[in-house]
Amino acid sequence: MNDLAFSGLELTDPGLLRQRCHVDGAWVAADGGATLAVFDPATGACLGSVPDLGAAETRRAIEAAGAAFPRWQAKLAKERSAILRRWFELILAHQEDLARIMTAEQGKPLAEARGEIAYAASFIEWFAEEAKRTYGDTIPTYQADKRLVTIRQPVGVCAAVTPWNFPAAMITRKAGPALAAGCTMIVKPASATPYSALALAELAARVGVPKGVFNVLTGSATRIVGELTASPVVRKLTFTGSTEIGKVLMRQCADTVKKVSLELGGNAPFIVFEDADLDAAVDGAMLSKYRNSGQTCVCTNRLLVQRKVYDDFAARLKERVETLKVGNGFEAGVTQGPLIDAGAVRKVEEHIADAVAKGAKVLTGGRRLSAEGLFFPPTVLTGVTPEMKVASEETFGPLAPLFVFDDEAEAIRLANDTEYGLAAYFYTRDLGRAWRVAEALEYGMVGINTGHISTEVAPFGGIKASGIGREGSRYGIDEYTEIKYLAMGGIGACNAVPA
Ligand SMILES: NC(=O)C1=CN([C@@H]2O[C@H](COP(=O)(O)OP(=O)(O)OC[C@H]3O[C@@H](n4cnc5c(N)ncnc54)[C@H](OP(=O)(O)O)[C@@H]3O)[C@@H](O)[C@H]2O)C=CC1
Ligand SMILES: O=C(O)[C@H](O)CS(=O)(=O)O
């Protein structure tokens, strides 16, 4: 039975809207009935509420996930694969409804929300296949009477803590490999965007994911995640969010020595060399800067442009930026939705004010569209220098600051001058430069003549303050398995072999 229907969302399947948490196969409220409100960032309207769960409910969820683990682990890989495949198919079958729920709670334009649902589904599809490939090894023995092998086994109960900017994909990028490997999972989604997570749980239940295998808890992050990180039953934490919180959670996991994977903040450089195809570079900059209104961890945060082409590139970028349409994500033609909250708007304004105070110029945009609301125009700054906040802090908004450089060595030095190491991009038509720069950049992912690198088939992740581990690709399931080494002695000499 549906707990709620957003008025005016025109869903084909209102049953996807859940105002209860999914724990041990049941839809539950908080013990004391406490709830958290959920708002539409485009209008400020209250969409509904979700339970404000605490420590006691979290302990019960951990117990349920622990109880479900043996039976889920014992299923054949093919059986887990088939269930995941059905989940993938059902997510795609409900793409429109899931996208509308996402635009309502997160604000991204409907076209982008549809794209995220497809992207989210692709991780379930990919790991439905990877479930059948958790191979081990046979190892040439070191003693005649021994045989050595390895097997890979699921880690166990996993906790996932996810952000608001990709409310579906950041969950499936974790739940896909976890469930494929035979783990069970407890998800704590961002409080701003819980309905996408709960809709995924509804579809998981419909395809026969057993109770306790995939649980979604909403409420106080400190209380829920405090329990998850303290529990010895939880063997792994996977987190996507800010570096600041990632460090907190990594510390909290130390007492129980959990396996952790962290997808954290970024400060992506976008380098345009003088030999680049400038039209292609502008296309790439638009994609890597303004996707999700600049609210992605792999968004370009700094544009480094070689002096000879600086003015030409700036003019072409300005022209393209001014074609973007800011508004409610449900409105036809809108390409930039609202930012997630007032804090996000303030951060963009602070970075612009700081840069202008230190000599930068606003080429386009620069001021919020109205005193109220969370809409901020896509903005380009020129004359930006390393002393400005935008050089070292992640803006996480629609701000493109242009820096100038003179040669390759300076471009690499500027690009690497950050604590972060998630994504980097550069444009050149020189093959030698492509290899030299790609190898010199201190990042987990590098786009060469492209502004879009995210896909389920390639390893997503960063180094330094941008995190630990990789998601997606043939490596993603490694985060959810342990390698066990078996040494079998007493084999004896083979009597078929002459002494
Ligand atoms: N590397 C990547 O793939 C990504 C990185 N990010 C980074 O995350 C930041 C923006 O996302 P944002 O959601 O604001 O990040 P936050 O780190 O604030 O929140 C992420 C998640 O952590 C939870 N959380 C917050 N504080 C605590 C705490 N003290 N203890 C336990 N859990 C906590 C939040 O819950 P609640 O919502 O209830 O506060 C949310 O579910 C940016 O820096 C961005 O770069 C974002 C997405 C992807
Ligand atoms: O949350 C994010 O920023 C995502 O990791 C970005 S992407 O995977 O959609 O590129």
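Scope of the values below: all heavy atoms of this structure, side chains included, with no hydrogens, waters or symmetry mates. We're numbering straight along the sequence, starting at 1. Order of listing sets the numbers, starting from 1, for every ligand and every atom in it.
Scanning all protein heavy atoms for the shortest distance to atom 3 (O) of ligand 2 gives Cys297 N, 2.7 Å. Annotation: atom 46 (C) of ligand 1 to nearest protein heavy atom, Asn165 ND2, 3.7 Å. The protein non-hydrogen atom at the shortest distance from atom 9 (O) of ligand 2 is Arg291 NH1, 3.1 Å. Considering only non-hydrogen protein atoms, atom 11 (O) of ligand 1 sits nearest to Trp164 NE1, 3.7 Å.
Here atom 7 (C) of ligand 1 lies nearest to Gly241 when heavy atoms of Gly265, Gly246, Gly241, Cys297 are compared. Between atom 21 (C) of ligand 1 and the options Thr162, Ile245, Val298, the minimum heavy-atom separation is to Thr162. The residue among Cys299, Ser242, Ser191, Pro167 with a heavy atom at the shortest distance from atom 38 (O) of ligand 1 is Ser191. For the residues Ile224, Thr240, Leu249, the heavy atom positioned nearest atom 30 (N) of ligand 1 is part of Leu249. Taking all heavy atoms of Glu393, Met170, Glu394, Glu263 into account, the minimum distance to atom 42 (C) of ligand 1 is reached by Glu394.
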Practice task
Using the ring-ring contact (aromatic ring centres under 6.0 Å, His included) rule, take Tyr443 and Tyr420 through it: C-alpha gap first, then chi angles, then the decisive distance, then the call.
Solution key: CA-CA 8 Å; Tyr443 292 85; Tyr420 294 103; 9.5 Å; no

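The shortest N/O to N/O separation between Arg173 and ligand 2 falls below 3.5 Å. An N or O contact shorter than 3.5 Å is missing between Thr222 and ligand 1 by distance. Not one N or O of Gly219 is nearer than 3.5 Å to an N or O of ligand 1, by distance alone. Considering backbone and side-chain atoms alike, Leu264 places an N or O below 3.5 Å from some N or O of ligand 1. Every N/O-N/O distance between Gln295 and ligand 2 stays at or above 3.5 Å. Residue Phe166 places no N or O, backbone or side chain, under 3.5 Å from any N or O of ligand 2.
Under the 4.5 Å side-chain criterion, counting only non-hydrogen atoms from C-beta, Leu303 is in contact with Phe313. Put simply, the side chain of Ser454 reaches to within 4.5 Å of the side chain of Val298, judged on heavy atoms.
Checked against Thr395 for a side chain to side chain donor-acceptor pair (under 3.5 Å), the options Lys347, Gln295, His351 give a single hit: His351.
Annotation for ligand 1: atoms under 4.0 Å from non-hydrogen atoms of Phe460 are 3 (O). Taking every heavy atom of Lys188 and a limit of under 4.0 angstrom, the matching atoms of ligand 1 come to 34 (C), 35 (O), 36 (P), 37 (O), 38 (O), 41 (O). For ligand 1, the atoms lying closer than 4.0 Å to a non-hydrogen atom of Leu422 are 1 (N). Using a 4.0 Å cut-off to heavy atoms of Val161, the atoms of ligand 1 that qualify are 21 (C), 22 (O), 23 (C), 41 (O). Of all the atoms in ligand 2, the ones that sit under 4.0 Å from a non-hydrogen atom of Asn165 are 1 (O), 2 (C), 3 (O).
Checked by atom type, the side-chain pair Thr240/Glu263 shows no donor-acceptor distance below 3.5 Å.
Residue contact check for ligand 1: Pro189 places a non-hydrogen atom closer than 4.0 Å to it. Heavy-atom separations between Arg173 and ligand 1 include at least one value shorter than 4.0 Å.
For atom 19 (O) of ligand 1, the protein comes within 4.0 Å by no heavy atom at all.
In this structure, Arg100 forms no cation-pi arrangement with Phe330, as its terminal cationic atom is not both closer than 6.0 Å to the ring centre and no more than 45° off the ring axis. For the pair Lys174 and Phe123, the cation does not sit on the ring face, since its NZ or CZ is not both under 6.0 Å from the ring centre and inside 45° of the axis.
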